[in-house]
Amino acid sequence: MDTAATDDRPEPGGPGVPVPEHGAWPRRGISRDGGPLLEDREVVWLQAGPYYADSRGFAGTTSFDGSRVHFHHLTGEPGADAGTFRREGSDLVEWGVNADGSTFLEVWTPLPDTAGGSGSWSGPGHHVVRVGPHVVHVDARAGTYWRLTPHGSQ
């Protein structure tokens, strides 16, 4: 997709929406500093209650302060980040500012088939989130996304 980020993006600290408590989203694209919306790799984010895992290599908990969603990294890549979300149809559009002052806009599209088992599990040095057949595992080295298939199917 080669659309440029638009000026109707939410402002940091402005009104935003909390993320759904249950869902799976691949990133459709990212715009950096107002540039074009591009995707350079597969990124999947899962949310199960307050717990999330991102296939880029970080997992933890989310909180909402009334305008921004905060991602508290507990496993994998250290740190925390925050973004302002809005809905565009079924998509979630996230806008935020990085620690270096650069900006980003990410578009997240829901994955189908999120019904079924979900939860979050952690142990020494790793964290796993499952939403239906979608699973993201994060440890100190990487994040990995899998889609489970029913036994006997190809």
- prompt: Strictly under 6.0 Å, is that where the ring centroids of Y51 and W45 end up?
  reply: no
message: Using the rule that Ile, Leu, Val, Met, Phe, Trp and Tyr join whenever any side-chain heavy atoms are under 4.5 Å apart, tell me whether L105 and V97 fall into a single cluster.
response: yes
task: Check whether any side-chain heavy atom of P133 sits under 4.5 Å from a side-chain heavy atom of R147, and report yes or no.
output: yes
- prompt: Do W146 and V44 touch side chain to side chain, with heavy atoms closer than 4.5 Å?
  reply: no
message: I'd like to know if F71 and L92 are part of one continuous hydrophobic network [Ile/Leu/Val/Met/Phe/Trp/Tyr, side-chain heavy atoms within less than 4.5 Å].
response: yes
Separation between CG of L38 and CZ of R28, rounded to the nearest 0.5 Å: 12.5 Å
field: Check: H126 main-chain N/O paired with S122 side-chain donor or acceptor under 3.5 Å
entry: no
field: T62 side, atom OG1; R68 side, atom CZ - distance, nearest 0.5 Å
entry: 14.0 Å
- request: Applying side-chain contact (heavy atoms from CB on, under 4.5 Å), run through V136 and T144 and close with a yes or a no.
  value: CA-CA 5 Å; V136 171; T144 306; over 6 Å; no
message: If you compare all heavy atoms of G23 against all heavy atoms of V131, which two are closest, and at what distance to 0.1 Å?
response: O-CG2, 3.6 Å
task: Determine, step by step, whether D65 and H70 satisfy the side-chain contact (heavy atoms from CB on, under 4.5 Å) criterion, reporting the C-alpha distance in whole Å, the side-chain angles of both residues, the deciding distance to 0.1 Å, and the verdict.
output: CA-CA 8 Å; D65 67 10; H70 298 266; 2.9 Å; yes
- line: Heavy atoms of F85 and W108 approach each other most closely as CE2-CD1, 4.3 Å
Heavy-atom side-chain contact between V43 and D54 under 4.5 Å: yes
field: Side-chain heavy-atom pair N98, T103 within 4.5 angstrom cut-off
entry: no
Exam field: side chain H22 to backbone T114, donor-acceptor pair closer than 3.5 Å: yes
task: Would you indicate whether Y145, at its atom OH, is surrounded by more than 12 heavy atoms from other residues, nucleotides or ligands within a distance under 6.0 Å?
output: yes
task: Would you sort out whether S55 and E42 count as a side-chain contact (heavy atoms from CB on, under 4.5 Å), showing the intermediate values?
output: CA-CA 8 Å; S55 66; E42 179 183 51; 5.7 Å; no
query: Any link between V19 and V129 through a network of hydrophobic side chains (Ile, Leu, Val, Met, Phe, Trp, Tyr) touching at under 4.5 Å?
result: no
query: If you count the non-hydrogen atoms of other residues, nucleotides and ligands that lie under 6.0 Å from CZ in R56, is the total more than 12?
result: yes
query: Can any side-chain N or O of Q47 pair as donor or acceptor with the backbone N or O of G49 at less than 3.5 Å?
result: yes
- prompt: Passes side-chain hydrogen bond (donor to acceptor under 3.5 Å, both in side chains), D91 versus T109? Steps please.
  reply: CA-CA 5 Å; D91 292 346; T109 301; 3.2 Å; yes
- prompt: So do T61 and S63 actually touch side chain to side chain, heavy atoms under 4.5 Å?
  reply: no
- prompt: Where do R87 and P20 come nearest, in terms of heavy atoms and distance?
  reply: NH2-CG, 3.0 Å
- prompt: Looking at T84 and G16, what are the two nearest heavy atoms and their distance?
  reply: CG2-CA, 3.8 Å
task: Please name the pair of heavy atoms, one in D139 and one in R141, separated by the smallest distance, quoted to 0.1 Å.
output: OD1-N, 2.8 Å
Ion pair check, R41 and E39, cut-off under 4.0 Å: no
query: Checking R86 side chain against E88 main chain: does a donor-acceptor pair fall under 3.5 Å?
result: no
- prompt: Would you say V135 and V128 make side-chain contact, with heavy atoms under 4.5 Å?
  reply: yes
task: Please tell me if the side chains of H72 and Y52 come closer than 4.5 Å, counting only heavy atoms from C-beta onward.
output: no
message: Does any part of the side chain of L148, heavy atoms only, come nearer than 4.5 Å to the side chain of H134, both counted from C-beta?
response: no
- line: All heavy atoms of S31 vs all of L37, minimum pair found to be N-CD1, 3.8 Å
- request: Go through T75 and F58 one step at a time and tell me if the side-chain contact (heavy atoms from CB on, under 4.5 Å) criterion holds.
  value: CA-CA 6 Å; T75 304; F58 47 93; over 6 Å; no
